[in-house]
Amino acid sequence: MSNPMAGIARSDTYSKEELLIATMARLFGDGTFMTAGVNSPIPAAAGLLREQVDPGFYVAVHGDPGRTPFVDGGAEAFDMAAQGRLDVFVFGGVQVDGKANINLVGIGPYPQAKKRFAGTFGAASLFYLVRNIVLFFPKHDRRTLVEAVDFKSASAIGPKEAYRTGSPRWLLSERCLFRFDLEKERFTLVSVHPGHSLEEVREHTGFSFDVTDRVEMTAVPTTAERELIRGPVRDALSKPYPDFARKLLARQ
Amino acid sequence: MSNPMAGIARSDTYSKEELLIATMARLFGDGTFMTAGVNSPIPAAAGLLREQVDPGFYVAVHGDPGRTPFVDGGAEAFDMAAQGRLDVFVFGGVQVDGKANINLVGIGPYPQAKKRFAGTFGAASLFYLVRNIVLFFPKHDRRTLVEAVDFKSASAIGPKEAYRTGSPRWLLSERCLFRFDLEKERFTLVSVHPGHSLEEVREHTGFSFDVTDRVEMTAVPTTAERELIRGPVRDALSKPYPDFARKLLARQ
Amino acid sequence: MSSPRFEANAAALAALIPDGASVAVPSDNSGVPMALTLEIIRAGKRGLRMIGGPTAGIQVDMLIGAGCVASVEAAGVSLGPRGLAPRFCAAVEGGEIKIIDSTCPATHAGYIAGEKRLPFMAVHGIFGSDVLTHRADWKIITNPFPPHQPLVVVPAINPDISIFHAPLADEHGNVWVGKRRELKSMARAAGKVLVTVDKIVPEDLAGNAELAPGLLASHYIDRIALAAGGAWPTALPPVHPEDGAELDAYAAAAQTREGFDRYLHRALTPRGPAQ
Amino acid sequence: MSSPRFEANAAALAALIPDGASVAVPSDNSGVPMALTLEIIRAGKRGLRMIGGPTAGIQVDMLIGAGCVASVEAAGVSLGPRGLAPRFCAAVEGGEIKIIDSTCPATHAGYIAGEKRLPFMAVHGIFGSDVLTHRADWKIITNPFPPHQPLVVVPAINPDISIFHAPLADEHGNVWVGKRRELKSMARAAGKVLVTVDKIVPEDLAGNAELAPGLLASHYIDRIALAAGGAWPTALPPVHPEDGAELDAYAAAAQTREGFDRYLHRALTPRGPAQ
């Protein structure tokens, strides 16, 4: 605690985390209701930022009892999702592949994994229900963005006739942003973050993806976004994620 | 109100209603939880009497908010029934036939009945779930106890493999008591009430039924039963059924 | 997240119900929106397809008598301790409305499936019942799991509109329905939810641990209007019991067409419990 | 109607759990019966088949570490913000326990089917997931109604025993679970229900209109024992938050076998929040 800035990579005017938060928040543009799951400080921050920009937006933050609209226990969120009322959810995991399958279960064989993780939680069902799913894998390397996940915890590639109110749409990493095309079952690179390049993304990505004519650069956080992140977002985040709020979003 | 006894048929020591209440209560012997539905003063009274005799017995009385164990709305009772937790229910109706089918819907064709009644309520499902179902048709004539009901609101005659935790077991009328045999799909006469006879029962019953070697007489209410009916049962009944309690169970 | 809009009165809610809509309503004494019902009648709505919750009573009987109803899907329509629902029975006998008979747990299952956006749900029993015979939309399937026994399944019920009356709402749009859990299913299953309430408080009830379990949260509700005593003359537990004298008067009047018309005229004229 | 028996303490409840039983437990911060868990460990139970509600946390991790568990069925087992559940992960990697992976709404559906004694229930999505691949007990069926789309169905979950901790019970045996509705399903689905509570009051809570919607009524419950602070160190909303320091200590200790053993020894010796 002696140096709250230790280990935080910064550009001159914004941190890596602020770039991810601002970029993610822009992906929520057409939603009104988001749930931020357990252990998700950046998605929670992005939701809180989106709330600041769009008063019609609301994010339920796991770990903040004041930010839950659920009164009927654990099943209610899944019913809401099926009703088409859950617009935004951000999923992480230990692996993601080129068909937007994610792995939350384990590395190696199944069931006796070499390295076991927590499990699938609601993802297997929510991949068909949440309108706008953002896959968030900040660590962008070939062990994480793989050709095929060791265990498909959740996959959006199901029968065309199956009931669906949503699917994965985006994959955001420390290096870039991809858009997912469910029809083509492929990612397309949308933009690379400042300081990164297409070549670097190719080098560190285990799956093949499409590229448009001109690779855009991810827009940096605006001054307004940075002020919101460092002000009201940080304040709201300090309840469910006190350490993250203190360390990563310290006012510059 | 000038003559509370008006119109009440009485023997020297007990009323017709008291006989039905005491007889019905004895049919509940192996249950612990009963629900008495809407418009069911005699079943409610029988349940309340059974409570007095067996402290392990409980009757939920429709219309008495102090006597409901349900906190999860209308569906809970049906889930309880499926769980095998609903031991006793008394059903009436406009017709009952020799296979224990009951009609709560209408006389004549369907859907445009000659005479329409309220509807089936939960009976179609509960006929498979409530362990001990008593059919209560006080009016015993060939228009009520018929060969085949005009509309089978509820029938216990279903596939043998269907989930079942109960079925109709008894048919109680103003004249007699039948037992229902689900295997044989037939009623057997158990006893005729005092003052009635087998011949009379045959004459007024529209379906054929089995008779054992010796037709028993229904046991009259004991002194103890009568005192309980006229005391604590009447008191408990005066909340949901004030008129019935006042008129029919007046202390003698 | 969407929040409900507050309307000035029940009449403003009635205006949002189009002719021909399927409308889910509570069973008696479960938050029957009687004030709203009078406004629906006053607005001259036609062709409504009523769905009980799972039963119906005076509300649907009045709507039928007033000519607003094309069909009723219910497990039972009656005046409870006051006997048959006279306008309902007459309309069925006269072939004036379509009756779609159900049985309580099947209707509950339909709403629960509707709430979960599942296409169907299974219900125990019902075999051998003519309710099943006449429901072309119900099916017998085989349990896909051992012992592969037969089971009745019913399709989801997703009404165009669910309407009810509740004791309490807050300014955020949360509505307290208490023990009447089926109202939650009926609301979540519906395309639109219109609610009248006795009272609107400023406190966010979702933050009240004791009241929260009985809440239908704001995001399930489209419009709310204050209508104090809006369930009268039916009971609204735990707030008030039924008005027995008024219900007796209805039951007696509705026995005949003329009596019903007189009752309705009176009910539409001065309005509500204050008279 | 059956009423639960009151036992003197959590140990008396633990004694009612046979080796090899399937035991349903709440997700973290939903009434995790930690005091009872220590008694289960103290009693040396073996071969328990744990089922999450739908997830599990420190409780199941401790039971695994203590050698009580044969299998875990859950949508996730973790220490929440404190990361992976170390004894769970080690036991799976070591092949010491059987893991039956689920996904949250499938487990909820299983309990709801179990509560209704329906053999199965449908769940949206799940197609393409290896969870489905490895669940021989789940099936894809065709919706019997148009448009006849494929649907995943899961069988009912009917655990031998459901255990949880609640803030409040009354002397009649009603237990207040508040917003944790899944506890109601898990209890009703179970063969036996054992509950510890912070407090027992004389008032019949079923007659309290505000509390009634959050009650699990007495007839669903077999045994109740007073265990004040029995959810500690997990949170018990709305009564108390988690004890973060204690959970940190567990997460750190449980990283190794030895650390876990030391933690457990300490936890079994003085007992509870008073230490």
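By convention in this document, chain letters (A, B, ...) are assigned in the order of the sequence lines, proteins followed by strands, and residues within each chain are numbered from 1. A quick note: this is a predicted structure, and the numbers were derived from the prediction, not measured.
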Enquirer: Step by step, would you call T55(D) with S27(D) a side chain to side chain donor-acceptor pair (under 3.5 Å)?
Expert: CA-CA 5 Å; T55(D) 64; S27(D) 294; 2.9 Å; yes
Enquirer: What's the separation between atom CE in M121(D) and atom CG in L118(C), rounded to the nearest 0.5 Å?
Expert: 5.5 Å
Enquirer: Counting heavy-atom pairs under 4.5 Å with chain D, which one of A109(C), P213(C), P237(C) comes out on top?
Expert: P213(C)
Enquirer: Can you pull out the residues in residues 157-175 of chain D with any heavy atom less than 4.5 Å from chain C?
Expert: none
Enquirer: Under a plain distance cut-off of 3.5 Å, with no hydrogens placed, do T107(D) and S102(D) share a side-chain donor-acceptor pair?
Expert: yes
Enquirer: Looking only at the side chains, is there a donor atom on one of T234(C) and E242(C) sitting less than 3.5 Å from an acceptor on the other?
Expert: no
Enquirer: Non-hydrogen atoms of chain D under 4.5 Å away: do they reach the side chain of I112(C), the backbone, both or neither?
Expert: side chain
Enquirer: Let's test your reading of the structure: which of K179(C), E210(C), H124(C) forms the most heavy-atom pairs below 4.5 Å with chain D?
Expert: H124(C)
Enquirer: Any idea which of P238(C), P147(C), P155(C), A212(C) has the most non-hydrogen atom pairs under 4.5 angstrom with chain D?
Expert: P155(C)
Enquirer: Taking R49(D) for the side chain and G20(D) for the main chain, is one N or O donor matched with an acceptor at less than 3.5 Å?
Expert: yes
Enquirer: Of all of A209(D), P144(D), G214(D), which one pairs up most often with chain C through heavy atoms under 4.5 Å apart?
Expert: P144(D)
Enquirer: Do you know which two heavy atoms are closest between L36(C) and A10(C), and how far apart they sit?
Expert: CD1-O, 3.4 Å
Enquirer: Please state whether the side chain, the backbone, both or neither of D137(D) comes within less than 4.5 Å of a heavy atom of chain C.
Expert: backbone
Enquirer: Is it true that E182(D) and R180(D) make a salt bridge, defined as a side-chain N closer than 4.0 Å to a carboxylate O?
Expert: yes
Enquirer: Given heavy-atom pairs under 4.5 angstrom as the criterion, report whether the side chain, backbone, both or neither of V123(D) touches chain C.
Expert: backbone
Enquirer: Please state whether the side chain, the backbone, both or neither of R181(D) comes within less than 4.5 Å of a heavy atom of chain C.
Expert: side chain
Enquirer: Counting heavy-atom pairs under 4.5 Å to chain D, which of P146(C), A113(C), P119(C) comes out on top?
Expert: P119(C)
Enquirer: Sub-3.5 Å donor-acceptor pair from the side chain of T37(C) to the main-chain atoms of P33(C), do we have one?
Expert: yes
Enquirer: Identify which part of V239(D) has an atom lying under 4.5 Å from any heavy atom of chain C, answering side chain, backbone, both or neither.
Expert: neither
Enquirer: To the closest 0.5 Å, what do you measure between CZ (F127(D)) and CD1 (I140(D))?
Expert: 5.5 Å
Enquirer: Measure from the side-chain N and O atoms of D222(C) to the backbone N and O of V193(C), and report whether any donor-acceptor pair falls under 3.5 Å.
Expert: yes
Enquirer: Please give me the minimum heavy-atom distance between V153(C) and F145(D), naming the atom from each residue.
Expert: O-CZ, 3.7 Å
Enquirer: Below 4.5 Å from any heavy atom of chain C, which atoms of I141(D) appear? Answer side chain, backbone, both or neither.
Expert: side chain
